[in-house]
Amino acid sequence: MAKRTLEITDFSSPLKRAFTISRGAKTSAETILVTIRQDGAVGRGECVPYPRYSETQPGVRAAIGEMRAQIEDGLSRDALQDAMPAGAARCAVDCALWDLEAKLTGTPVWQLAGLPEPGPVETAVTVSLDTAEAMGEAAKSTPSKLLKLKLGGAEDLDRIEAVHAVRPDARLIVDGNEGLLVDQFPGIMKRAAELGVVLVEQPFPAGKDEALLRRPGAVSVCADESAHTSAEIQDLARRYDAVNVKLDKTGGLTEAIRMVQAARASGMNVMIGCMVAGSISMAPAVLLAGLADATDLDGPLWLAEDVVDGLTYTDGMISPPKPELWG
Ligand SMILES: CC(C)C[C@H](N)C(=O)N[C@@H](CCOc1cc(O)cc2c1C(=O)N[C@@H]2C)C(=O)O
Ligand SMILES: [Mg+2]
């Protein structure tokens with residue numbers, strides 16, 4: 001095998017408007033792009049370092065840099081799974097190796113991975129955390145029938161009611177990002193179904209979610225911040241009905257496929273999610289959408305500028321990635 005070369009590039013990409021969740025607001029997306037070249041072929045993978053898990057851009061960059069010699073000497077994707085822990089750094093390398101393999105063999109990643117051929121997929125589109133009135137206004141002009149509302153405070157039921165009032169046609173995913181108030185949760189669950197809510201995501205902090213053992217079962221509850229890899233699925237299945245699989249948490253597509261399979265084996269539903277990032281980050285996740293019950297891959301819609309040949313979004317539908325983009 002000809003020697004590979006590894007390139008690691010940091011990006012800070014301005015957002016169209018501020019993105020706010022229970023933990024705070026963002027006006028730019030900090031990502032890292034890994035490019036691996038071999039025999040004239042180029043593989044790319046993107047990741048989002050997540051401060052919630054103590055990841056930073058310099059830290060993730062350094063972790064990938066420490067793997068330089070092994071990657072350039074031909075580290076296989078299988079060996080990568082043991083050589084790096086789950087998380088953003090491994091995600092970028094794993095996705096770049098999948099893309100490189102596709103480019104070197106002329107076989108698309110979905111075929112290499114034994115996944116269904118990707119077609120158009122419906123994505124949730126996020127309404128950022130704000131006052132109930134402002135979230136209702138935002139929902140009116142959000143072009144999808146699957147909306148994801150960010151929650152996190154005393155006004156949460158008002159927020160859901162305000163959005164449902166102006167978008168009775170929409171199915172709602174509500175995401176607490178660990179910030180829901182425990183005493184408000186039963187009230188939200190009681191009204192959820194009649195307000196169009198189909199999924200409640202990560203209401204309470206990871207590790208402090210005992211209240212879910214006693215909840216009424218009308219609307220599904222989905223783990224996000226609590227769920228990283230397939231190893232946690234059996235435990236999560238005691239408290240959650242579904243799991244949000246994100247490649248930045250699993251450490252790439254390879255473990256994400258295993259996590260989806262583990263979730264199914266435990267009877268859980270699956271959502272494929274994302275962080276705020278562009279189309280190179282979304283493309284591998286789009287391939288998993290065919291195995292999922294819900295898809296939340298609206299990252300590029302928040303960027304002021306996406307990459308060339310990026311994914312096409314039309315009224316909440318994503319077209320399959322072109323090979324020029326990834327895979
Ligand atoms: C990408 C969309 C704007 C949002 C997406 N639908 C979504 O809801 N994703 C995550 C939210 C995680 O976003 C966060 C939270 C945070 O505290 C810090 C960051 C991000 C992010 O994407 N980049 C920075 C690191 C979800 O909770 O499901
Ligand atoms: Mg979430």
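Counting starts at 1 for both ligands and their atoms, in listed order.
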- [ ] Without swapping roles, check the side chain of Thr56 against the backbone of Gly59 for a donor-acceptor pair under 3.5 Å.
- [x] yes
- [ ] Could you tell me whether Arg44 sits above the aromatic face of Trp326, with NZ or CZ closer than 6.0 angstrom to the six-membered ring centre and within 45 degrees of the axis?
- [x] no
Open item on the list: With the threshold set at under 4.0 angstrom, would you say Arg23 reaches ligand 1 through any of its heavy atoms?
Closed with: yes
- [ ] Give the residue and atom name of whichever protein heavy atom lies nearest to atom 1 (C) of ligand 1, and the separation in Å to one decimal.
- [x] Met275 O, 3.4 Å
TODO: Run the numbers for me: atoms of ligand 1, each under 4.0 Å from some heavy atom of Glu201, listed by number.
DONE: 28 (O)
Task: Pair Glu232-Ser230, side-chain donor/acceptor within less than 3.5 Å - done: no
Task: Numbered atoms and elements of ligand 1 in range of Asp224, under 4.0 angstrom, heavy atoms - done: 26 (C), 27 (O), 28 (O)
Task: Nearest neighbour in protein (non-hydrogen) for atom 5 (C) of ligand 1 - done: Asp298 OD1, 3.5 Å
- [ ] Output the list of atoms in ligand 1 that are nearer than 4.0 Å to some heavy atom of Pro51, sorted by atom number.
- [x] 25 (C)
- [ ] Show which atoms of ligand 1 fall inside a sub-4.0 Å distance from at least one heavy-atom site of Thr126.
- [x] 4 (C), 5 (C), 6 (N)
Task: Which residue and heavy atom of the protein sit nearest atom 28 (O) of ligand 1, plus the separation - done: Lys148 NZ, 2.9 Å
Task: Salt bridge Glu161-Arg191, side-chain N to carboxylate O under 4.0 Å - done: yes
Task: Pairwise side-chain contact, Glu178 with Lys208, heavy-atom cut-off 4.5 Å (strictly under) - done: no
Task: Side-chain donor-acceptor contact under 3.5 Å, Glu225 with Asn177 - done: yes
- [ ] Can you sort out which atoms of ligand 1 are near Val48, meaning under 4.0 Å from one of its heavy atoms?
- [x] 23 (N)
Task: Heavy atom of the protein closest to atom 27 (O) of ligand 1 (residue, atom name, distance) - done: Asn177 ND2, 2.8 Å
Open item on the list: Ignoring hydrogens and geometry beyond distance, is a side-chain donor-acceptor pair present between Asp298 and Thr123 at under 3.5 Å?
Closed with: no
- [ ] Verify the distance criterion only: is there a donor paired with an acceptor across the side chains of Ser128 and Trp302 at less than 3.5 Å?
- [x] no
Task: Test item: Val48 and Glu30 side chains (from C-beta on) under 4.5 Å apart, heavy atoms - done: no
Task: Non-hydrogen side-chain atoms of Thr105 and Leu112 separated by less than 4.5 Å - done: yes
TODO: For Pro49, take its heavy atoms, then give the atoms of ligand 1 lying under 4.0 Å from any of them.
DONE: 25 (C)
Task: Mode of Val276 contact toward ligand 1 - side chain, backbone, both, neither (heavy atoms, under 4.0 Å) - done: both
Open item on the list: Please determine whether any non-hydrogen atom of Gly24 lies less than 4.0 Å from an atom of ligand 1.
Closed with: no
- [ ] Return the residue, atom name and 0.1 Å-rounded distance of the protein heavy atom closest to atom 26 (C) of ligand 1.
- [x] Lys246 NZ, 3.0 Å
- [ ] Ignoring hydrogens, just give me the one of Trp302, Tyr50, Phe19 whose non-hydrogen atom is nearest atom 16 (C) of ligand 1.
- [x] Tyr50
Task: Those atoms of ligand 1 less than 4.0 Å from some heavy atom in Gly299 - done: 1 (C)
Open item on the list: Using a 4.0 Å heavy-atom cut-off, which part of Cys274 comes near ligand 1: side chain, backbone, both, or neither?
Closed with: both
- [ ] Mark up the atoms of ligand 1 that fall under 4.0 Å of a heavy atom belonging to Asp175, in ascending order.
- [x] 26 (C), 27 (O), 28 (O)
Task: Any donor-acceptor N/O pair, Asp293 side chain to Val270 backbone, under 3.5 Å - done: yes
Open item on the list: When you compare the side chain of Ile318 with that of Pro120, does any pair of heavy atoms fall below 4.5 Å?
Closed with: no
Open item on the list: Under 2.8 Å from the Mg ion (ligand 2), which protein N, O or S atoms do you find? Ignore water molecules.
Closed with: Asp175 OD2, Glu201 OE2, Asp224 OD2
Task: Presence of salt bridge, Lys249 and Asp224, under 4.0 angstrom - done: yes
Task: Short side-chain donor-acceptor distance under 3.5 Å, Asp248 and Tyr53 - done: no
Task: Taking atom 19 (C) of ligand 1 as the reference point, the nearest protein heavy atom with its distance - done: Lys26 CD, 3.6 Å
- [ ] Using side-chain contact (heavy atoms from CB on, under 4.5 Å) as the criterion, point out the one residue from Leu288, Leu97, Asp99 that pairs with Leu253.
- [x] Leu288
- [ ] If a pair satisfies ring pair (Phe, Tyr, Trp, His ring centres under 6.0 Å) and one of its residues is in residues 133-185, list it, with sequence neighbours excluded.
- [x] Phe185-Phe204
Open item on the list: Tell me whether Gln202 reaches ligand 1 (any heavy atom closer than 4.0 angstrom to a ligand atom).
Closed with: no
TODO: Just need the protein heavy atom nearest to atom 11 (C) of ligand 1, so name the residue and atom and give the distance.
DONE: Lys150 NZ, 3.6 Å
